[in-house]
Amino acid sequence: MDGPAAQEQPAAESARSLRLKKRKQFLFLASRGRKAPVPGLVLQLFRRPDTDVARVGFTVTKKVGNSVVRNRVRRRLREVVRIVEADTPLNGLDLVLIGRSATINRPFTALVADFRKALALCQRDS
């Protein structure tokens, strides 16, 4: 994949948020970050000193349901972040979205509104 197409791809990916995957990152956010529980999800937010792209992690406990349900909740939360990220700058933030049992049945527009409200709550406190 040499050539111009290979060089353009990293620039397109840089606009999107990165994923948090390590347990250490999740624990850091839980201890140091702001927390905003809303009906559809719980948001943990930490403002980094840099202005790099946002890093986002998702977690859903077994209390929510079996693996099929948990994966569906995770997909819904990823889509919510994708939609909000398109019109709201999230640079310099680490976010963890925790799925709740209400997340699966909540209307999608309400879920997007919940995420926006949680972002506003966390950013107001910091």
Side-chain angles (χ1 to χ4, degrees):
M1 293 214 26
D2 292 335
Q7 292 173 357
E8 291 175 20
Q9 192 164 358
E13 282 186 29
S14 67
R16 293 182 52 207
S17 60
L18 301 174
R19 292 287 303 274
L20 294 174
K21 294 183 179 180
K22 304 275 185 201
R23 177 174 164 77
K24 184 178 177 181
Q25 296 169 323
F26 282 85
L27 292 175
F28 179 82
L29 246 74
S31 66
R32 289 266 193 81
R34 303 275 184 205
K35 186 176 180 181
V38 290
L41 57 100
V42 177
L43 175 68
Q44 294 174 338
L45 179 140
F46 179 75
R47 185 176 301 279
R48 296 187 320 261
D50 59 31
T51 57
D52 292 342
V53 296
R55 297 185 303 186
V56 184
F58 304 93
T59 184
V60 184
T61 66
K62 287 186 178 182
K63 286 191 260 181
V64 172
N66 63 18
S67 62
V68 175
V69 172
R70 292 192 313 268
N71 285 327
R72 183 164 183 222
V73 168
R74 236 179 260 111
R75 283 193 306 271
R76 293 186 91 205
L77 292 175
R78 275 197 306 265
E79 186 63 16
V80 165
V81 170
R82 190 187 69 78
I83 287 172
V84 171
E85 192 175 36
D87 60 358
T88 305
L90 300 177
N91 292 353
L93 299 178
D94 283 347
L95 307 163
V96 171
L97 281 80
I98 302 170
R100 293 180 150 184
S101 54
T103 308
I104 194 71
N105 296 321
R106 193 136 173 93
F108 191 74
T109 54
L111 204 55
V112 171
D114 286 346
F115 180 59
R116 289 182 195 275
K117 180 181 177 183
L119 265 176
L121 287 172
C122 284
Q123 289 180 335
R124 181 186 69 196
D125 293 341
S126 57

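All of these numbers come straight from a predicted model, not from anything done at the bench.
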| task | Verify the neighbour count for atom CZ of Arg72: are there more than 12 heavy atoms of other residues, nucleotides or ligands below 6.0 Å? | result | no

| message | Donor-acceptor check, side chain of Ser17 to backbone of Arg55, threshold 3.5 angstrom: yes or no? | response | no

| To the nearest 0.5 Å, how far apart are CG in Asp114 and CZ in Arg100? | 9.0 Å

| task | Please name the pair of heavy atoms, one in Phe46 and one in Leu29, separated by the smallest distance, quoted to 0.1 Å. | result | CB-CD1, 3.9 Å

| Heavy-atom distance under 4.5 Å between the side chains of Val38 and Leu43, does that happen here? | no

| Electrostatic pair Glu85:Arg82 at N-O distance under 4.0 angstrom | no

| query | Pick one: which of Leu20, Val81, Leu41 meets side-chain contact (heavy atoms from CB on, under 4.5 Å) with Phe58? | reply | Val81

| remark: Between Leu90 and Ala54 the two heavy atoms that sit nearest each other are O-CB, 3.2 Å

| message | Testing the basics here: between Leu95 and Leu45, what is the closest heavy-atom pair and its distance to 0.1 Å? | response | CD2-CD1, 3.3 Å

| remark: Here the pair of heavy atoms bringing Asn105 nearest to Arg76 is N-NH1, 4.2 Å

| task | State, yes or no, whether a side-chain contact exists between Arg124 and Arg34 at a heavy-atom distance under 4.5 Å. | result | no

| said: Within this structure, what is the CG-CG distance for the pair Asp52 and Leu93, rounded to the nearest 0.5 Å? | reply: 11.5 Å

| field | Val56 and Leu77, any side-chain heavy atoms less than 4.5 Å apart | value | no

| task | Answer yes or no: is there a side-chain heavy-atom contact under 4.5 Å between Asp94 and Phe28? | result | no

| Would you say Leu97 and Val112 are hydrophobically clustered, going by side-chain heavy atoms of ILVMFWY under 4.5 Å? | yes

| query | With a 4.5 Å limit on heavy-atom distance, are the side chains of Phe115 and Thr88 in contact? | reply | no

| field | Single-linkage hydrophobic cluster Val69~Val80, side-chain heavy atoms < 4.5 angstrom | value | yes

| query | Can you find a heavy atom in the side chain of Val64 that is under 4.5 Å from one in the side chain of Ile104? | reply | no

| Minimal non-hydrogen separation, Asp87 against Val84, with atom names | OD1-O, 2.7 Å

| Looking at Ala118 and Ala36, what are the two nearest heavy atoms and their distance? | O-CB, 3.7 Å

